[in-house]
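Fair warning: this is a prediction, and the values are worked out from it, not measured in the lab. Below, chains carry the letters A, B, ... as their sequence lines are ordered, and counting in each starts from 1.
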Amino acid sequence: MDFSNPFGLYTGEQQFPITSPTWPVTSAEDPLSGHVTSATGHVTSSRRSRYQSHPGAVREEPEEEVVAAGTGSSEGTRTRKLSQRQLSQVLERSGDIPVLFSAKPLSKETPDRKCEKKEGKRESIQVIYTAGRPPWYDSTGHQEADAFVIGLCGGSASGKTSVAKVIVEASGVPWVVILSQDCFYKEYNEKEKELIAKNEFNFDHPDAFDFALIYKTLKKLKSGKQVKVPVYDYVTHRRKKVWNTVYGANVVIFEGILAFADKRLTDLMDLKVFVDTDSDIRLARRLKRDISDRGRDLTSVLKQYNTFVKPSFDTYIAPTMSLADIVIPQGVENDVALQLIIRHVKRELDRRGYVTRSKTAPYNDRLTELPLPDGLDILPSTSEVKVLLTIIRDKTTSRDDFIFYSQRLMRLLLEHSLTFLPVTPEKVTTFRGEEYDGVAFTGKLCAVSIVRAGEVMETAIHSVVKDISIGKILIQTCQDTGEPALHYLRLPYGIANMHVILMDATVATGAAAMMAIRILLDHEVPEESISFVCLIASKPGVQAIAYAFPKVRIIVGEMDPDIDEYYHICPGLGNFGDRFFGTS
Amino acid sequence: MRRQQSTEQGPLLILYRISADSTDPRHLHVVMSVCMMAGTPPDNFFLPVAKCSGAAMDEFSRLHILKSNNQISWLQTILRNVKTSHGDFVFNADRLIRLVIEEALNFLPTHDKTVHTPKGVPYEGKAFNKGNCGVSLVRSGEAMEKSLRECCRSIRIGKMLIRHDDDDSSKPPKVIYVRLPPDIAERNVLLMYPLMNTGGTIHQSIRELKKNDVKEERIIICTLFVTPDSVRHICSDFPKVRILTTEVNEDCALHFGERYFGTDK
């Protein structure tokens, strides 16, 4: 996955073009650099082939590492478990699925998004999905609806992955995570490894999978939390140290040969789909893949098929067909069945959708009458702070001055926000050789900026904490709904144990800040470890944030009394990002 | 908080122990009378202000200590630690200096100003009056110029070089070099020097400023660390000068200039 220039894709801040679809990519902790690439990113399908941009592509990275590290290893033992990905590649090459899996832009293949949008309005459907992830929590900051979980089961080489991809792409729903059962093979002991080496281990048996971990992961993902998915090393048959981070799914597709084998899993699934492909076709695909792509001989492939794959299918996989809500014969070629599923998924998601901003706005009117929250801290209004605020609020201020004076105010604000960090006593030696009872901050600190206006504070935070790590969150307001939408996310590694300074320039309704805080909480950052810093906030916005997240400390330069009907701060300072970057 | 009264003649000094839980005499902080005057920063920015007992105190010098907090204590610890590396020393000294300079700007006179925001809504704010300047004392005072320049891009900065006699330290230090803005008599002066041990250098520089017709009440001394003795020394001779610092402590041996500029052994 290429994250090299995720922001280069966005040309404007105001509205993400509805016709250029983006796909969430479950992030990986980059195996080469060891850095977290954190939760999610986007790549447009026009820039790269569909496969690369697909969420499932996340598995490619670790696998590539296996290839790089696995020289001299047994190719045969590895190939068995790469089947899902390899399968789709085989299918692509063999031309089985001529249209849907070519690397053409999406608009050629699926109905135009704009048309969908119009249709949606005519049918008075509440939520129109754009590229970003719409809010998944309510005004109290709590999860409103669980993610929609689709279980996808079927025999080996039946085309599960292909079906998953079609569902993702055709339904046009962003923020989909495809979770593969292949990631959840158990760690094997020496005896089992010997069997594997001799091709005598049954990978199609339920005992081969760690169902407890699958259940835990799927349950957490369904409830909107960040999860770590193991990366299986097919050489050592152990899990790698660094696991993939997956976050932010509105739809979770769990696919695997034994996806329905555990009742706890099927209970989590909102829709269970069984891909029923004829066993002849499946065997033909296996043969083609293993022989022509992996260089294995016919006898060993057939032996494995007859000893393990076929009996396991008959014993464990085929009976679970009765659990499925929908059975698709012929897999991905069955267009009628796929359209049926896609329609159902869309309907379910629309049913779950809701609008927070218009909900919170009238709510805010009542909130403003409440006393100011305890977590609020306003920068002491010294004459200097007042002078700085006067300059940046003045509409006649030149951009040069605006940048300079807003950055000065940011530095004051961030210095102020650091004073809330806890310190521990520390004895140091002075030049006289005496002991001095000092203090030191020994905890970990990181900053997270909300793109774009929050990024302007990065200079200031670097000048007060020189080696701070900075995460980024891109949240944009969808102009159709007025809702914030999550587009991009990358957070520092180990953020759960850090004090987090969340930065944004201004707060009007507090919707973006609430989404950002919700994301941090989903990454298991304790609420009391979060300090939200902004230059100017409206009182309703502050109240909304404090109401949802009472333990979050809110540090503002100055608080304005109100927001107007356009959700702008009054008196405010205009659009901060436009004035700072000169894009108005 | 315990109160002690100094036995010195002249203006009464009221000394406070700021850290109620600390009995270490080095933590002795001195707060001298701060009378209500125009442009006094709000109380919450400073430590509790001692009420003066006599009318004469009103005219007495004013010492302002930056309100202490976790971060400032941490910065002070880093600067005092003999093991701090050169890079860390410069970075953290700059942070503390910046806080002092930002605070010093609060002492400068302002006037009310109403502006209109881009939404067309009037906003009642403030603006600084013109006519301020900085004066740094070579060499360690120059370390503070950077922060002043970062706050006020085009402020005029004068320089003075004042040296102690190497052979006889009992002699008053000599003024070697002076270059000041020509109209300094009309300006408020931020006098920058990070440490006041005996106060001799600062004392000499104020005399030099007064020679240039700068009024005492227009001088604000910006420092990081001061000793109680130096404060007494300056305040008794120049009662109207204001001193802004982060800590009053008997131990001010930080070798600031050496460490900041990296010329220590």
Side-chain angles (χ1 to χ4, degrees), chain A residues 380-397 400-401 404 407-408 411-412 415-423 425-441 463-466 558 560 564 566 568-575 578-579 584, chain B residues 19 22 24 26-27 39 41-42 44-45 67-74 76-84 87-88 91-92 94-95 98-99 102-110 112-128 150-151 153 249 251 253-255 259:
Chain A
S381 180
T382 59
S383 58
E384 200 216 346
V385 169
K386 201 79 181 165
V387 168
L388 295 177
L389 281 165
T390 307
I391 294 170
I392 62 172
R393 283 175 185 276
D394 188 350
K395 67 178 174 189
T396 62
T397 301
D400 184 45
D401 280 350
F404 178 78
Q407 281 182 335
R408 272 190 63 196
R411 178 155 177 164
L412 281 174
E415 281 281 8
H416 187 67
S417 70
L418 293 184
T419 62
F420 298 105
L421 294 177
V423 289
E426 189 183 68
K427 276 193 198 313
V428 298
T429 314
T430 66
F431 283 88
R432 286 183 182 175
E434 292 169 12
E435 269 199 350
Y436 177 81
D437 294 318
V439 294
F441 170 66
S463 53
V464 292
V465 188
K466 57 184 168 181
E558 194 164 61
D560 282 6
D564 64 13
Y566 305 106
H568 294 160
I569 313 170
C570 280
L573 45 59
N575 185 323
D578 281 347
R579 289 187 75 189
S584 57
Chain B
S19 319
S22 169
D24 189 335
R26 289 173 306 164
H27 287 180
N44 60 0
F45 231 78
K67 189 187 177 189
S68 188
N69 58 45
N70 286 346
Q71 284 290 312
I72 288 178
S73 303
W74 186 28
Q76 288 164 345
T77 308
I78 292 170
L79 297 187
R80 283 185 182 280
N81 189 349
V82 75
K83 288 178 188 156
T84 302
D88 281 348
F91 181 83
N92 290 293
D94 279 342
R95 262 187 77 190
R98 177 71 178 256
L99 288 173
E102 298 269 15
E103 184 56 41
L105 300 181
N106 281 323
F107 290 73
L108 301 177
T110 57
D112 291 340
K113 183 182 179 187
T114 302
V115 296
H116 290 269
T117 69
K119 289 207 79 73
V121 184
Y123 175 79
E124 285 169 16
K126 278 182 181 171
F128 280 122
E150 280 170 1
C151 289
R153 281 179 291 189
N249 196 314
D251 178 5
L254 265 80
H255 303 277
R259 298 195 77 195

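Heavy atoms of other residues, nucleotides or ligands lying less than 6.0 angstrom from NZ of B:K113 number 12 at most.
For the options A:G438, A:G572, A:A440, A:P422, heavy-atom pairs under 4.5 Å to chain B are most numerous at A:A440. Chain A forms more heavy-atom pairs under 4.5 Å with one residue of B:H255, B:E102, B:E124 than with any other, namely B:E102. Ranked by heavy-atom pairs shorter than 4.5 Å toward chain B, the options A:Q407, A:K427, A:H568 are led by A:H568. Among B:I72, B:N70, B:V121, the residue with the largest count of heavy-atom pairs under 4.5 Å with chain A is B:N70. Considering only heavy-atom pairs separated by less than 4.5 Å from chain B, the leading option among A:V464, A:L421, A:L573, A:I569 is A:V464. Looking only at heavy-atom pairs under 4.5 Å with chain B, the residue among A:F420, A:F441, A:F431 that has the most is A:F431.
To the nearest 0.5 Å, atoms CG (B:L99) and CZ (A:R411) are separated by 7.5 Å. A distance of 8.5 Å separates CD1 of A:I392 from OH of B:Y123, quoted to the nearest 0.5 Å. A distance of 8.5 Å separates CG of A:L388 from SG of B:C151, quoted to the nearest 0.5 Å.
Using a 4.5 Å cut-off between heavy atoms, B:D88 touches chain A through backbone and side chain atoms alike. Proximity to chain B (any heavy atom under 4.5 Å) is shown, for A:R408, by both the backbone and the side chain. The contact between A:D401 and chain B is made by backbone and side chain atoms together, counting heavy-atom distances below 4.5 Å. Looking at A:L412, only its side chain comes within 4.5 Å of chain B, counting heavy atoms on both sides. Using a 4.5 Å cut-off between heavy atoms, A:S463 contacts chain B through its backbone alone, with no side-chain atom that close.
Of all heavy-atom pairs spanning B:F128 and A:V387, the tightest one is CD1-CG1, 3.7 Å. Summarising the geometry of B:V115 relative to A:D394, their closest heavy-atom pair is CG1-OD2, 3.4 Å, with the distance given to 0.1 Å. In plain terms, the two heavy atoms of A:R579 and B:P118 that are nearest each other are NH1-CG, 3.6 Å. Here the shortest heavy-atom pairing between B:E150 and A:F404 reads O-CZ, 3.0 Å. Taking each heavy atom of B:F91 and A:V465 in turn, the nearest pair found is CZ-N, 4.0 Å.
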Report the C-alpha separation of B:N249 and A:Y436 in whole Å, then their side-chain angles, then the decisive distance to 0.1 Å, and conclude whether the side-chain contact (heavy atoms from CB on, under 4.5 Å) test is met.
-> CA-CA 11 Å; B:N249 196 314; A:Y436 177 81; 4.1 Å; yes
Kindly indicate, with the supporting measurements, whether the criterion salt bridge (Lys or Arg N to Asp or Glu O under 4.0 Å) is fulfilled by A:K466 and B:D94.
-> CA-CA 12 Å; A:K466 57 184 168 181; B:D94 279 342; over 6 Å; no
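Applying the side-chain hydrogen bond (donor to acceptor under 3.5 Å, both in side chains) test between A:E415 and each of B:R98, B:Q71, B:R95 identifies B:R95 as the sole match.
Checked for salt-bridge contact, A:D400 and B:R153 meet the test: a charged N lies under 4.0 Å from a carboxylate O.
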